[in-house]
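First up is the structure itself, then whatever we jot down about it.
Any value given below was found using the heavy atoms of this structure, including those in side chains, with hydrogens, waters and symmetry copies removed. Letters go in sequence order (proteins before strands), and every chain restarts at 1.
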Amino acid sequence: MTIRVYNTLTRQKETLQPVDPPNIGIYLCGPTVYDRAHIGHMVGPVIFDTIKRYLVYSGYKVTWVVNITDVDDKLINKSRQRGLPMEQIANENTADYLSNLAQLGVDQIDHMPKATESMDEIIALVKTLIDQEHAYEVDGDVFFDVSRDPEYGKLTNRTVDTLQGEGGGAAAKKRSPADFALWKHAKPDEPAWNSPWGKGRPGWHIECSAMSRRLLGETFDIHGGGLDLVFPHHENEIAQSECCHGKPMAKYWLHNGLLKRESAGKLGGRADRDKQGSEQTVTLEQIQQATAEKESRSAGAGGLADMIARIGGEQIRFFLLRTHYRSTVVFSDEALAESVTALATFYRFFERFLRVTGKSFYDIQSAQERVDGELQPGEDLLLQQVQRCRAAFLEKMDDDFNTGGAVSDLFDLVRTLNKFIDQQTLDDASDADPANLASLRQGAKTLREMGTLLGLFQTPPQQADSADDDQLASQLMDLLIALRASARKNKDFAMADRIRDELNQLGIVLEDRKGETGWRLQP
RNA sequence: GGCGCCGUAGCCAAGUGGCUAAGGCAGCGGAUUGCAAAUCCGCCAUCAUCGGUUCGAAUCCGAUCGGCGCCUCCA
């Protein structure tokens, strides 16, 4: 078993060899919580959640950190616009973010440090960089001196002289346009922390260097984030941390692709920003309108939380995992709908499994550890097929966490199991061979193992007939089904079909099985 | 201008040097069904174009066309 990952730093796939096996430290750049999350913010968490599941399964001890940036210029602007304290805005949006993560089944994060709770480490790091003459102070601002870092630009293959650098009022103070702020001097009405350079706040990149060092050490294994963070954010993190410590910051740099709308540009990208205009001149109403437009296209009128409630967290997770994490994903209602349809195949199988075996798929205990090549010579044909699916699945996951390819093996496996039920006529529970049922259970257990690795099928989907509110609906359905059964018995197919067709109009699908009729809502 | 990515069936999407190019959605044919639904079986691509390397390329190299990202805040 060898796991290979694509490393942005070397621009090639490499064998994963932890710095300190079996431990693996992962740092993922989380959100700046100046606004509610959109679906694009979920790509990184979902894939890294999956990566951690896979690494733990493969025998590693993984520590995964996702930071929350809760102090920043955009937060300060937002605070002014809304007339609320920055902290309150940060707290609101952090809560929204966490709730979205939970809905998508992202539950593997070990630490979520906040920038505002890491000031001591940040200041200490800046101080060291000044002492080392990698940074300099000008009137309460501190800048990193890129000319003192011969390796600057190595992540993105850039040279200092080609860079424009950040503009704004601070540009005049910088020795080189490419120098970037480590510490920003506070204006009178801005949130500020005491520092050796007066009151101020951290620059954008420094908090990640400080927090990753505290929680994962000076050199850790995997640093992740969206492709849009490669430059300047990660380039600058590398510069700060490696100049400070004199050793590599992270061994592998993994970047997820960005989500794109059908129409134009990535979510929150240039097109969105241009629409909003410069924040000095735009009115609050315009901002709200622009935000509403953006959300209506990217996440439904009520934002991501509403979209999750409407579509389902698992459906969105599945949608994201169907593509390789480094690809650009074009997001649209149609694409999402296709995913929902595809995912329903598994839910139908789980119901069938319950009918056949009397056991819930969700009660199956999933394998916690990876065990390879345990196929016994005497095992039956079904289990051999199941093992082939599983081996194919693991092979794809080993290759840079190819979830898109791995999903196909999930479909292959569910088809194999459905076929087995058909061929062995296990739907007739009365004469089912116990040995066949045992084989089926074993196959389902493997499906559960694979699903769990992807963070899928952890809890039963919302059932139309499970909620108390739908008790009446359930009773009415029983009545209609009984009426239709009686019509069918009398060969009154016109009546029977009318009941079925009109229920269909209401989005309810009937399935006649041996001896009974089931119903479900259309996905 | 600099750095980088992508172009596989109607649509989405794996595969990056060698078995019949995964899987999903849609469609068509069949088994099953009173008819459907569900399930299963079958059909449906020579991989943007051109040229080159190679015994052999979707997969490597070059050119062309088309799409995109970063170089300023962004997951």
Please find the pair of heavy atoms, one from [X] and one from [Y], that lie closest to each other, and give the distance.
{"X": "Gly443(A)", "Y": "Leu383(A)", "result": "N-CD2, 4.2 Å"}
{"X": "Val146(A)", "Y": "Ala178(A)", "result": "CG1-O, 3.5 Å"}
{"X": "Glu314(A)", "Y": "Leu343(A)", "result": "CG-CD2, 3.9 Å"}

Heavy atoms from C-beta onward define the side chain here; which of [options] lies closest to that of [X]?
{"X": "Arg484(A)", "options": "A75(B), G24(B), G34(B)", "value": "G34(B)"}
{"X": "Val43(A)", "options": "U39(B), A75(B), C71(B)", "value": "A75(B)"}
{"X": "Phe231(A)", "options": "C71(B), A75(B), A37(B)", "value": "C71(B)"}
{"X": "Pro232(A)", "options": "A75(B), C3(B), U72(B)", "value": "U72(B)"}
{"X": "Pro31(A)", "options": "A37(B), C25(B), A75(B)", "value": "A75(B)"}
{"X": "Arg322(A)", "options": "A75(B), G23(B), C3(B)", "value": "G23(B)"}
{"X": "Glu338(A)", "options": "A38(B), C12(B), U39(B)", "value": "C12(B)"}
{"X": "Asn402(A)", "options": "G15(B), A75(B), C40(B)", "value": "G15(B)"}
{"X": "Thr323(A)", "options": "U72(B), A13(B), A75(B)", "value": "A13(B)"}

Report the residue (His324(A) or Arg352(A)) whose heavy-atom-nearest nucleotide on RNA chain B is the more 5′ of the two.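 Checking each residue's closest nucleotide, the 5'-ward one belongs to His324(A).
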Glu511(A) or Lys13(A): which one's nearest nucleotide on RNA chain B is closer to the 5' end?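 The residue whose closest nucleotide sits nearer the 5' end is Lys13(A).
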Hey, does [X] reach any base, or is it just sugar-phosphate, or nothing, if we go heavy atoms under 4.0 Å?
{"X": "Ser339(A)", "answer": "nothing"}
{"X": "Leu229(A)", "answer": "sugar-phosphate"}
{"X": "Asp512(A)", "answer": "base"}
{"X": "Arg348(A)", "answer": "sugar-phosphate"}
{"X": "Gly30(A)", "answer": "sugar-phosphate"}
{"X": "Arg513(A)", "answer": "nothing"}
{"X": "Ala335(A)", "answer": "nothing"}
{"X": "His233(A)", "answer": "nothing"}
{"X": "Gly40(A)", "answer": "base"}

Distance check, [atom1] atoms only: [N] and [M], in whole angstrom units.
{"N": "A48(B)", "M": "G10(B)", "atom1": "P", "result": "13 Å"}
{"N": "G1(B)", "M": "C12(B)", "atom1": "P", "result": "30 Å"}
{"N": "G17(B)", "M": "G52(B)", "atom1": "P", "result": "23 Å"}
{"N": "U46(B)", "M": "G56(B)", "atom1": "C1'", "result": "15 Å"}
{"N": "U72(B)", "M": "A9(B)", "atom1": "P", "result": "37 Å"}
{"N": "C68(B)", "M": "G29(B)", "atom1": "P", "result": "39 Å"}
{"N": "C19(B)", "M": "A57(B)", "atom1": "P", "result": "11 Å"}

For Arg484(A), give me all partners under salt bridge (Lys or Arg N to Asp or Glu O under 4.0 Å), at least two apart in sequence or on another chain.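 Scan of Arg484(A) (salt bridge (Lys or Arg N to Asp or Glu O under 4.0 Å), adjacent residues dropped) gives Asp512(A).
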[Y] and [X] aromatic ring geometry - parallel, tilted or perpendicular at 30°/60° bounds:
{"X": "Phe349(A)", "Y": "Phe353(A)", "value": "tilted"}
{"X": "His223(A)", "Y": "Tyr27(A)", "value": "tilted"}
{"X": "Phe457(A)", "Y": "Tyr347(A)", "value": "perpendicular"}

Applying the Watson-Crick and G-U wobble criteria at under 3.5 Å, what pairs with [N]? Answer none if nothing qualifies.
{"N": "G1(B)", "answer": "C71(B)"}
{"N": "U53(B)", "answer": "none"}
{"N": "A37(B)", "answer": "none"}
{"N": "A58(B)", "answer": "none"}
{"N": "A48(B)", "answer": "U64(B)"}
{"N": "G42(B)", "answer": "C28(B)"}
{"N": "G17(B)", "answer": "none"}

Nearest-Å distance, [atom1] ([X]) to [atom2] ([N])?
{"X": "Arg158(A)", "N": "U72(B)", "atom1": "CZ", "atom2": "P", "value": "8 Å"}
{"X": "Leu510(A)", "N": "C35(B)", "atom1": "CG", "atom2": "P", "value": "17 Å"}
{"X": "Tyr152(A)", "N": "C71(B)", "atom1": "OH", "atom2": "P", "value": "12 Å"}
{"X": "His255(A)", "N": "C6(B)", "atom1": "NE2", "atom2": "P", "value": "16 Å"}
{"X": "Tyr6(A)", "N": "U16(B)", "atom1": "OH", "atom2": "P", "value": "15 Å"}

Would the His234(A) and His205(A) ring centres measure less than 6.0 Å apart?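 For His234(A) and His205(A), the ring centres are not under 6.0 Å apart.
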Examine Tyr325(A) together with Phe48(A) and report whether their ring centres are nearer than 6.0 Å.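 Ring-ring flag for Tyr325(A)/Phe48(A): false, centres at least 6.0 Å apart.
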So, is the end of the Arg175(A) side chain (NZ or CZ) under 6.0 Å from the ring centre of Phe143(A) and within 45° of the ring's axis?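 The answer is no, since Arg175(A) fails at least one limit relative to Phe143(A).
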Looking at residues 406-413 of chain A, who's got a heavy atom less than 4.0 Å off RNA chain B?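 Residues of residues 406-413 of chain A under 4.0 Å from RNA chain B: Ser408(A), Phe411(A), Asp412(A).
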Heavy-atom contacts under 4.0 Å between residues 486-504 of chain A and RNA chain B, which residues?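 Going residue by residue through residues 486-504 of chain A, the ones with a heavy atom under 4.0 Å of RNA chain B turn out to be Arg488(A), Phe493(A), Asp497(A), Arg500(A).
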It should be established whether [X] places a side-chain nitrogen or oxygen under 4.0 Å from OP1 or OP2 of nucleotide [N].
{"X": "Asn157(A)", "N": "G4(B)", "value": "yes"}
{"X": "Asn256(A)", "N": "A75(B)", "value": "no"}
{"X": "Ser332(A)", "N": "C12(B)", "value": "no"}
{"X": "Lys419(A)", "N": "C41(B)", "value": "yes"}
{"X": "Arg415(A)", "N": "G24(B)", "value": "yes"}

So, Asn236(A) versus Tyr152(A): side-chain donor-acceptor pair below 3.5 Å or not?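 On atom types as modelled, these side chains qualify, holding a pair under 3.5 Å.
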So does Leu382(A) get a backbone contact from the side chain of Asp380(A), meaning a donor-acceptor N/O pair under 3.5 Å?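 A pair under 3.5 Å: yes.
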Is Phe331(A) close to Lys260(A) at the side-chain level, that is, under 4.5 Å between some pair of heavy atoms?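 A side-chain contact is absent here, since even the closest heavy-atom pair is not under 4.5 Å.
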Would you say Glu395(A) has more than 12 foreign heavy atoms packed within less than 6.0 Å of its CD?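 Not buried by this count: 12 neighbours or fewer within 6.0 Å.
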